[in-house]
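Ligands are counted one by one from 1 in listed order, and the atoms in each one are counted from 1 as well.
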Amino acid sequence: MAVLQALKARQVLDSRGRPTVEVDAIASNGAVGRAIVPSGASTGRHEAIELRDSGSSRYGGLGVGQAVENVRTVIAPAVVGIELDDQAAIDAALVAVDGTANKGRLGANALLGVSLAVAHAAAAVRGEELFVHLNRLWKKRAKAEQGGSIAVEPTLPLPMVNMISGGLHAGRNLDIQDILIIPVGAENYSHALEMIVAMYRAVGGVLSEIGAESVLVGDEGGYGPKLRNNEQAFEVVVDAMVACGFEPGRDVAIAVDVASTHFFDPATKTYRLSEASLRAFDSGDMVDMLARWVGRYPIVSIEDGLAEDDWEGWKTLTERLGGAVQLIGDDLFVTQTARLERGIASKTANSILIKVNQVGTLSETLDALLIARRHGYRPVVSARSGETEDATIADLAVGTAAGQIKIGSVARSERLAKYNRLLRIEESLGPNAPFAGRATLAR
Ligand SMILES: C=C(OP(=O)(O)O)C(=O)O
Ligand SMILES: [Mg+2]
């Protein structure tokens with residue numbers, strides 16, 4: 001097998017027009033793998049540290065930022081010469097050369113760019129699709145599990161898709177960050193995508209009927225309308241289902257990313273919602289509100305219903321709703337095994353959002369996926385609000401048979417790069433391409 005011969009790093013722009021890191025990994029046989037690192041806006045406090053540059057050029061735009069410099073001068077000498085197929089050895093060297101618990105010395109973005117570019121290069125050396133290579137890495141780990149209980153064959157994920165945006169992604173027009181749909185009735189991935197496109201148009205239609213249509217599109221491509229309150233957003237989405245001829249709950253269900261860390265006030269331990277009557281909710285009030293929403297609307301999944309360090313509140317939430325609803329920890333778990341293990345031990349949440357740049361290497365991402373699967377926590381592979389044309393997460397979701405993916409809406413090209421990549425993967429897997437479908441949500 002080829003070894004890693006050289007790394008190139010540069011700044012390119014993300015979907016918010018900010019510089020991010022792109023890395024090329026060059027193999028000893030000349031093959032090249034490339035990855036671009038995404039970036040969040042509603043980041044969790046416990047995420048690995050990103051060394052983000054505002055840009056080192058005259059206009060504050062592109063240049064050689066700290067992360068790029070670190071790839072060139074510190075990281076490259078530590079990993080060049082290692083077998084490209086040995087992702088674990090490369091990632092261990094990355095973790096070691098950084099030497100900190102939160103990757104703050106060299107930057108999780110610098111490390112991740114290298115880690116993912118290496119996976120791309122290894123696939124290129126073999127002449128394989130990336131998802132096939134990632135599936136080999138996944139199988140190596142998952143097959144060691146007792147009884148072969150973990151899904152190992154490449155499987156297209158069920159998408160969870162942003163329709164209406166609020167929170168930090170759309171000028172705080174709503175408290176909730178995302179109202180999403182899951183096309184649970186889809187027969188296969190391309191059918192799911194058709195349903196999503198129909199729903200996106202229909203939500204736009206309902207918004208214009210009620211005079212709330214907005215030219216503003218949130219960072220992940222959801223509509224960003226001014227609405228009366230959070231509940232009106234659910235009503236708009238349910239009306240759109242009906243307009244499409246979908247049965248709410250049976251064909252299309254609702255998911256929510258409350259992203260509540262971002263309206264939690266740690267000093268008073270209260271959730272500061274914008275509606276005057278709801279201000280200063282404690283955890284119990286939040287759980288009551290979420291339970292009420294679940295009772296009224298076809299909600300099957302709630303992400304970050306409570307804040308990143310409100311473990312007590314999360315426990316109550318899980319006891320109340322965990323039997324019926326997928327409860328995803330994003331800011332809570334930040335794709336880190338230590339926090340996930342704490343959640344598993346205390347029966348907190350039942351699902352984990354998987355964001356590669358929250359942890360900083362591919363191997364640690366696979367660790368989080370494996371621990372989640374071992375304990376019945378459903379993984380949802382996710383993009384960030386700052387994205388690029390890089391579609392690695394599409395291959396990751398398929399290669400690890402994760403079951404679900406969250407990318408954003410179908411109205412922005414950095415999102416479509418992933419949806420379209422999944423269409424090509426579906427084609428390459430043939431007419432009966434395995435698709436996670438509704439079963440991935442079964443409780
Ligand atoms: C994708 C998300 O947003 P960000 O990338 O801003 O953290 C999220 O909160 O799930
Ligand atoms: Mg989130």
- prompt: Between S385 and ligand 1, is there a nitrogen or oxygen pair with a distance under 3.5 Å?
  reply: yes
field: Side chains of M160 and S301 in contact at under 4.5 Å (non-hydrogen atoms)
entry: yes
message: Regarding ligand 1, does S39 bring an N or O atom to under 3.5 Å of one of the ligand's N or O atoms?
response: no
field: Any N/O pair E47/ligand 1 closer than 3.5 Å
entry: no
message: Please classify the D304 to ligand 1 contact at 4.0 Å (heavy-atom distances, strictly less than): side chain, backbone, both or neither.
response: neither
- prompt: Counting from 1, what ligand 1 atoms have a heavy atom of D330 closer than 4.0 Å?
  reply: 8 (C), 9 (O), 10 (O)
statement: Under 4.0 Å from one or more heavy atoms of Q177, ligand 1 contributes atoms 2 (C), 3 (O), 8 (C), 9 (O)
query: Taking only heavy atoms of K406, which atoms of ligand 1 are found under 4.0 Å from at least one of them?
result: 8 (C), 10 (O)
Enumerated ligand 1 atoms positioned under 4.0 Å from heavy atoms of A383: 1 (C)
query: Near the Mg ion (ligand 2), is there an N/O/S atom from D304 that is less than 2.8 Å away?
result: no
- prompt: Given side chains that start at C-beta, do those of E220 and R412 come closer than 4.5 Å, heavy atoms only?
  reply: no
- prompt: So which of the N, O or S atoms of D257 lies nearest the Mg ion (ligand 2)?
  reply: OD2
task: Specify whether Y271 and F263 have parallel, tilted or perpendicular ring planes, treating 30° as the upper limit for parallel and 60° as the lower limit for perpendicular.
output: perpendicular
message: Is the shortest side-chain heavy-atom distance between R34 and H120 below 4.5 Å?
response: no
query: Which atoms of ligand 1 are found less than 4.0 Å from any heavy atom of G40?
result: 4 (P), 5 (O), 6 (O)
field: P38 and ligand 1 - part of the residue with a heavy-atom distance under 4.0 Å
entry: neither
query: Can you tell which of D310, L327, T348 makes a side chain to side chain contact (heavy atoms under 4.5 Å, CB included) with L317?
result: L327
query: OD2 (D330) to the Mg ion (ligand 2) to OE2 (E303): angle, nearest 10 degrees?
result: 90°
message: I need the nearest protein heavy-atom contact for atom 3 (O) of ligand 1: residue, atom name and distance, please.
response: H169 CE1, 3.0 Å
message: Please identify which of these residues, R339, K355, R384, meets the salt bridge (charged side-chain N to carboxylate O under 4.0 Å, His left out) condition with D330.
response: K355
- request: Using only heavy-atom distances, determine whether the side chains of E50 and S39 contain a donor-acceptor pair under 3.5 Å.
  value: yes
message: Test your reading of the model: is there a side-chain donor-acceptor pair from Y377 to the backbone of G343, 3.5 Å cut-off?
response: yes
message: As a test of understanding, state which of D331, D309, T261 forms a side-chain hydrogen bond (donor to acceptor under 3.5 Å, both in side chains) with R45.
response: D309
message: Among all the protein's non-hydrogen atoms, which is closest to atom 2 (C) of ligand 1, and how far away is it?
response: K355 NZ, 3.3 Å
message: For E319, is the CD atom crowded, meaning more than 12 foreign heavy atoms sit under 6.0 Å from it?
response: yes
message: Tell me whether E341 at atom CD has more than 12 heavy atoms from other residues, nucleotides or ligands lying less than 6.0 Å away.
response: yes
query: Hey, which atoms in ligand 1 end up nearer than 4.0 Å to a heavy atom of R384?
result: 4 (P), 5 (O), 7 (O)
task: Name the closest protein heavy atom to atom 1 (C) of ligand 1, giving the residue it belongs to and the distance to 0.1 Å.
output: E220 OE2, 3.0 Å
- prompt: Polar-atom distance check: L353 versus ligand 1, any N or O pair below 3.5 Å?
  reply: no
message: Below 3.5 Å, N or O to N or O, backbone or side chain included: is there any such pair between S382 and ligand 1?
response: no
task: Of the side chain and backbone of D257, name the one, both, or neither that has a heavy atom under 4.0 Å from an atom of ligand 1.
output: side chain
- prompt: How about P159 and Y189: do any of their side-chain heavy atoms sit closer than 4.5 Å?
  reply: yes
